[in-house]
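Below: one structure, written as structure tokens.
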Amino acid sequence: MGCILNQTHFLNARLADGTVADLTVEGGRFSAVAPAANTTPPTDGAVDLAGKLVLPAFVEGHIHLDTSFYGDAWRPHIPCTDGFDVRERVAFQMRNLEQAAPMAERAKNQLELCIGHGSLAMRSHVMVDAAVGLKHVETILAVREKYRDLIDIQLVAFPQSGILSSPGTAELLDEALKLGCDLIGGLDPASFDRDVKAHLDVVFGLAEKRGAGIDIHLHDRGSLGLFEIEEIVARTTASGMPGKVAVSHAYALGDISAEALARAGERIAAAGVAIMTNAPGDHAFPPVAALRKAGVTVFAGSDNIRDSWWPYGDGDMLNRANMIGYRSGFYEDWELEAAYDVVSHAGAKALGLEGYGIAVGAKADFVALRAEHIPEAVVAVPKDRKVYRAGREVARGGKVLA
């Protein structure tokens, strides 16, 4: 065994079902997954994983590469004057960005943080509005190209200042899709733009025009937020876009009655709309267990990392699974496995990733860490990890190697 042409063998890998296997990677994909032969690695390059748990690389489903200050000077958090207010937070953000290090440098810092922890697929929202134009998109597109061999990145053209509230933004969003963004975003159609129909007309219209997916930020709570979700669900069904639409945050699902949630869950699942949560500390968030039981794809992301919205965030999706499990009251093994699924397989489904998993034919993007099984990994969050991209080690102990 060893390296033959473009073939690499990984010995004694512990799989999620507890079995120990030998993995063969060829052309960047798994070509064989077989019971471990209990062999000693020869000198020709086979890798002995020595019983470490092997998991498919994590999926960072929602992040903002353009607005993080990670690796830059510390920015003290500025509280809103009268409770959480999106408009006020956006104003704080614009003020802070004027004094920040170059965007490409900050994005690089954040990317390497995430890759180092084992995320090799990502969806990042990138600000587009009348004030910044397409500068953020152009910068992050260049960063994506630079890191294309290390991580797959989907970009969302995100109207941070609204669409109707910021004249010219609809046209800029269209240009952002033409430049290379993969999805069109939205922001609180009711409370921010105060016209749900007109806002969604633009979002779904551009998605249809450019063949793009949709991922809408929705912070509105209670019956207002639920109404907006129902409108998004109806549009998704009418547009024939199941599996291509996500609602991020969806706080409303966390503060409605169990009966209303059950009805909403059925509709969301039937429409194929995914729900993203980062289990934020000071907001009600979508009940993960109830939505999964209804058949909804629930996925996760770090969202903001040390930016104008909050000072937290470590880019570690395994730690995010721990956080989601903790806040959801997940204690049993199957519940801890559900928390892990939210940052892995469910994330891959929401992002429409091809070839995800540890199986023959899947991409050999994986993480090896010291844990007996998934529940222990979620609870312990081991930091000593090795990260492999197409079968090649790209990060170790939280640091990118190349």
Side-chain angles (χ1 to χ4, degrees), residues 1-3 7-26 28-60 112-121 150-151 314-322 325 333-334 336-345 347-348 355-402:
M1 300 180 75
C3 297
Q7 188 179 85
T8 305
H9 296 281
F10 294 88
L11 309 180
N12 305 312
R14 186 177 302 278
L15 304 183
D17 64 3
T19 62
V20 179
D22 292 339
L23 313 173
T24 302
V25 175
E26 192 167 0
R29 293 179 181 262
F30 292 112
S31 59
V33 178
N38 297 314
T39 56
T40 301
T43 58
D44 59 352
V47 179
D48 186 4
L49 295 176
K52 288 185 177 178
L53 181 64
V54 169
L55 301 173
F58 308 125
V59 179
E60 169 57 81
E112 295 199 3
L113 176 71
C114 296
I115 295 167
H117 288 311
S119 290
L120 299 183
L150 292 179
I151 185 170
D314 63 1
D316 185 350
M317 291 309 293
L318 188 57
N319 192 42
R320 185 65 52 178
N322 177 290
D333 281 4
W334 68 271
L336 296 171
E337 289 169 353
Y340 159 75
D341 187 69
V342 169
V343 305
S344 56
H345 293 276
Y356 185 84
I358 309 297
V360 174
K363 294 179 178 179
D365 294 351
F366 63 95
V367 180
L369 49 82
R370 185 65 67 187
E372 290 295 313
H373 41 57
I374 287 173
E376 183 186 3
V378 170
V379 169
V381 194
K383 295 297 184 184
D384 185 16
R385 307 173 198 171
K386 291 186 177 181
V387 183
Y388 295 86
R389 170 77 160 175
R392 178 176 65 91
E393 187 180 0
V394 296
R396 181 186 305 169
K399 302 294 183 182
V400 174
L401 301 179

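In this chain, residues are counted from 1 in sequence order. On a predicted model such as this, the values are computed, not experimentally measured, just so you know.
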Inset, instruction - Quick one: pull up CG in Leu49 and OH in Tyr388 and give me the separation to the nearest 0.5 Å. - result: 5.5 Å
Inset, instruction - Please state whether the rings of Phe30 and Phe366 are parallel, tilted or perpendicular, taking 30° and 60° as the class boundaries. - result: tilted
Inset, instruction - Without swapping roles, check the side chain of Asp365 against the backbone of Ala390 for a donor-acceptor pair under 3.5 Å. - result: yes
Legend entry - Euclidean distance, Glu26 CD relative to Ser31 OG, rounded to 0.5 Å: 4.5 Å
Inset, instruction - Step by step, work out the side-chain contact (heavy atoms from CB on, under 4.5 Å) result for Val59 and Tyr356. - result: CA-CA 10 Å; Val59 179; Tyr356 185 84; 3.8 Å; yes
Inset, instruction - Measure from the side-chain N and O atoms of Asp22 to the backbone N and O of Val33, and report whether any donor-acceptor pair falls under 3.5 Å. - result: no
Inset, instruction - From the options Leu53, Leu55, Asp316, select the one residue that forms a side-chain contact (heavy atoms from CB on, under 4.5 Å) with Arg385. - result: Asp316
Legend entry - Considering all heavy atoms, the nearest Arg29-Gly361 contact: NH1-O, 2.9 Å
Inset, instruction - Quick one: pull up CG in Leu120 and CD in Glu60 and give me the separation to the nearest 0.5 Å. - result: 12.0 Å
Legend entry - Gap separating the CG atom of Asp384 from the NZ atom of Lys52, nearest 0.5 angstrom: 5.0 Å
Inset, instruction - State, to 0.1 Å, how close Leu318 and Pro382 come at their nearest heavy-atom pair, and which atoms those are. - result: CD2-CD, 4.0 Å
Legend entry - Side chain Ser344, main chain Tyr340, donor-acceptor under 3.5 Å: yes
Inset, instruction - Sequence neighbours left out, what passes side-chain hydrogen bond (donor to acceptor under 3.5 Å, both in side chains) with Asp341? Give chain and number order. - result: Arg292
Inset, instruction - Write down the atom of Ala362, the atom of Gly357, and the distance for their closest heavy-atom approach. - result: CB-O, 3.2 Å
Legend entry - Nearest heavy atoms of Asp48 and Leu11, plus distance in Å: OD1-O, 3.5 Å
Inset, instruction - Just jot down the salt bridge (charged side-chain N to carboxylate O under 4.0 Å, His left out) partners of Lys399, sequence neighbours excluded, or say none. - result: none
Inset, instruction - Heavy atoms only: give me the nearest Val400-Glu112 pair and the separation to one decimal. - result: CG2-O, 3.6 Å
Inset, instruction - Could you tell me whether the side chain of Arg396 and the main chain of Lys386 form a donor-acceptor pair under 3.5 Å? - result: no
Inset, instruction - Considering non-hydrogen atoms only, spot the tightest contact between Met317 and Phe58 and give its length. - result: CB-CB, 3.8 Å
All N/O donor-acceptor pairs, side-chain side in residues 369-381, below 3.5 Å, sequence neighbours left out:
{"residue": "Arg370", "atom": "NH1", "partner": "Ala50", "partner atom": "O", "Å": "3.1"}
{"residue": "His373", "atom": "ND1", "partner": "Glu376", "partner atom": "N", "Å": "3.2"}
{"residue": "Glu376", "atom": "OE1", "partner": "Glu372", "partner atom": "N", "Å": "2.7"}

